[in-house]
J.: 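So that we are looking at the same thing, I have put the structure below in structure tokens.
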Amino acid sequence: MANALATVGRHPTNDMVLDDPRVSGVHLQLQRVDDHIRLRDAGSTNGTWLGQHRVMEIELGAGAEITVGSTVLQVDLDDAATTSPVSVHDSFGMLVGRSTVMRELFATLERIAPKEIGLLIQGETGTGKEEVARSIHIKSMRANKPFIVIDATALPETLADSLLFGHEKGAFTGAAERRVGFFEAADGGTIFLDEIGELSAPLQSKFLRVLERHEVTRVGGQTPIKVNVRVVAATHRDLRHEIEAGRFREDLYYRLAPVRILLPALRDRPDDIPVLCERLLSYIGDGRSSPLVIDASAVQFLSSQPWPGNVRELRNVLARAAALATDNVIRRVDVAGEGFGFRGMREERTPLDLTGTFGAAKERAIERFESAYLAALMKRCAGNLSMASREADLARHHLRELLRKRGLYGIPWDRETDV
Ligand SMILES: Nc1ncnc2c1ncn2[C@@H]1O[C@H](COP(=O)(O)OP(=O)(O)OP(=O)(O)O)[C@@H](O)[C@H]1O
């Protein structure tokens, strides 16, 4: 593995390509973590097997053997192997990160930003896809030209052509004026195309044509207009699955993705939490008389959370904690029970993790609920266990047990506790 993050599967764009019909297009993802490898099944059809056990996520050391389709893979850790360059910086544009995987990413972004090359960014919600696109734009020759965001999920089918390509006056009922579309408006600059996987088939064809010919024709117009845009696309799912399922055009994929970037989930890079807290708090505290700070035990707690809503969720948790904190210090009690995505508002899009077995998925959902409920309860009751057990209608010993199980016992909840 040359990269800290790599994929294995049948599709030719994987880091390791397996010519095995029982292997999925993108079968699994590997992440190098110190002296071992974290393996995650990427939703494969036939599964990833360690002996008799089907695994979704597992940490592997040297010598471990896993089976995918009819192929057996063995982990071999070679210290002398060449690895991808890692940036000496722990930021790129507006992005910060200290983990190896992020610094490796920054090195790639530093290299490609000034080039006229397209980019496809894949990552869960809130991992920073739009921020990557914006930072690439700022670091490119196009920086003083427009940066336009198009969300494919917000393009109504009937208006999409006119929004993207513009229309001439009188082109259709209601077209009282000539209108310039997104592509023309972005001329010379960058278009960030979010949720590209949601584009309808007709729009996929139209996008491909624009990317190939570098021109658009307004609705109701005759003459093609030259446009010079760099397209950075993003998706929360692996488009190679969509290609396999016949829902996404492979030729468009290759046009969009001369370079592909996989933004890792926040739970896979806890080393980034301290520097992220520092950066996010500097924004949140902007305008305050004294800067906001976070204490070490709060950072330690946040570093152990699963963050289904990733950096966006962390930002919101810090903003909430800052609003509630009595001084400019955020302490463990201010963030207890957070980081499970549970208190996320609807627009935060922090869905339950529905992968893996029913039992494991249910346990994760319960864990999220219990942590959020217990923290809110204990804060409301200022740590008074008797009051909390009455309010929750739980026996004291049961409540104490639950608090222990969720790592929420013994926290100084605002006022004195009676535990
Ligand atoms: N590495 C980072 N450093 C600093 N801020 C970050 C980083 N990653 C994300 N953020 C911040 O987190 C928030 C969410 O990021 P962003 O909107 O780019 O995510 P996204 O992946 O595009 O999300 P979605 O898929 O839901 O649209 C933004 O406020 C962004 O500035």
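Quick note: numbers below take in every heavy atom, side chains included, and nothing from hydrogens, waters or symmetry partners. Owing to the predicted nature of the structure, the values given are computational and were not obtained by experimental measurement. Read the numbers this way: they start at 1 and go in the same order the structure lists the ligands and their atoms.
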J.: What part of Asp272, side chain, backbone, both or neither, has a heavy atom within less than 4.0 angstrom of ligand 1?
T.: neither
J.: Based purely on interatomic distance, does Glu195 place a nitrogen or oxygen under 3.5 Å from a nitrogen or oxygen of ligand 1?
T.: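 No; the residue has no nitrogen or oxygen that sits under 3.5 Å from a nitrogen or oxygen of the ligand.
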J.: Please identify which atoms of ligand 1 are closer than 4.0 Å to at least one heavy atom of Glu130.
T.: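 Listed by number with element: 18 (O), 22 (O).
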J.: Assert yes or no for the condition that the ring centre distance of His89 to Phe106 is strictly below 6.0 Å.
T.: no
J.: Could you tell me, atom by atom, which parts of ligand 1 come under 4.0 Å of a heavy atom of Arg312?
T.: 12 (O), 14 (C), 17 (O), 19 (O), 23 (O), 24 (P), 26 (O), 27 (O)
J.: Which atoms of ligand 1 are found less than 4.0 Å from any heavy atom of Asp194?
T.: 27 (O)
J.: Tell me the nearest of Val311, Leu276, Leu314 to atom 11 (C) of ligand 1, using heavy-atom distances.
T.: Val311
J.: Here's a test for you: under salt bridge (Lys or Arg N to Asp or Glu O under 4.0 Å), which of Arg267, Arg312, Arg237 qualifies with Glu124?
T.: Arg267
J.: Which part of His236 is near ligand 1, with near meaning a heavy atom under 4.0 Å away: side chain, backbone, both or neither?
T.: neither
J.: Would one find an N or O of Val96, backbone or side chain, under 3.5 Å from an N or O of ligand 1?
T.: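 Yes.
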J.: Counting each atom of ligand 1 from 1 as listed, which ones have a heavy atom of Glu131 under 4.0 Å away?
T.: 18 (O), 30 (C), 31 (O)
J.: On a heavy-atom basis, which atom in Cys277 and which in Leu314 lie closest, and how many Å separate them?
T.: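 Scanning both residues, the minimum pair turns out to be SG-CD1, 4.4 Å.
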J.: Would you say Gly126 contacts ligand 1, with heavy atoms under 4.0 Å as the rule?
T.: yes
J.: A quick test of your reading: do over 12 heavy atoms of other residues, nucleotides or ligands sit less than 6.0 Å from CG of Asp327?
T.: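 Enclosed: over 12 neighbouring heavy atoms sit under 6.0 Å from CG of Asp327.
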J.: Just checking, is any N or O donor in the side chain of Thr153 or Asp151 under 3.5 Å from an acceptor N or O on the other one?
T.: yes
J.: Look at the aromatic rings of Phe147 and His137 and report parallel, tilted or perpendicular, splitting at 30° and 60°.
T.: tilted
J.: In this structure, are over 12 heavy atoms from other groups packed under 6.0 Å from Gln300 atom CD?
T.: no
J.: For Arg315, counting its heavy atoms only, list the atoms of ligand 1 lying under 4.0 Å from any of them.
T.: 13 (C), 28 (C), 29 (O)
J.: For ligand 1, which is the ligand I care about here, please tell me if Thr125 has any N or O atom under 3.5 Å from one of the ligand's N or O atoms.
T.: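 There is such a contact, yes.
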J.: Minimum heavy-atom separation for Ala388 and Leu399, please, with both atom names.
T.: CB-CD2, 3.7 Å
J.: Tell me if the centroids of the rings in Phe207 and Phe183 come within less than 6.0 Å of each other.
T.: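 Centroid distance Phe207-Phe183: below 6.0 Å, so yes.
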J.: Would you mind listing which atoms of ligand 1 come within a distance below 4.0 Å of any non-hydrogen atom of Gly128?
T.: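 Atoms satisfying the 4.0 Å criterion: 8 (N), 9 (C), 15 (O), 16 (P), 18 (O), 19 (O), 20 (P), 21 (O).
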J.: Under a 4.0 angstrom heavy-atom cut-off, which atoms of ligand 1 come close to Met94?
T.: 3 (N), 4 (C)
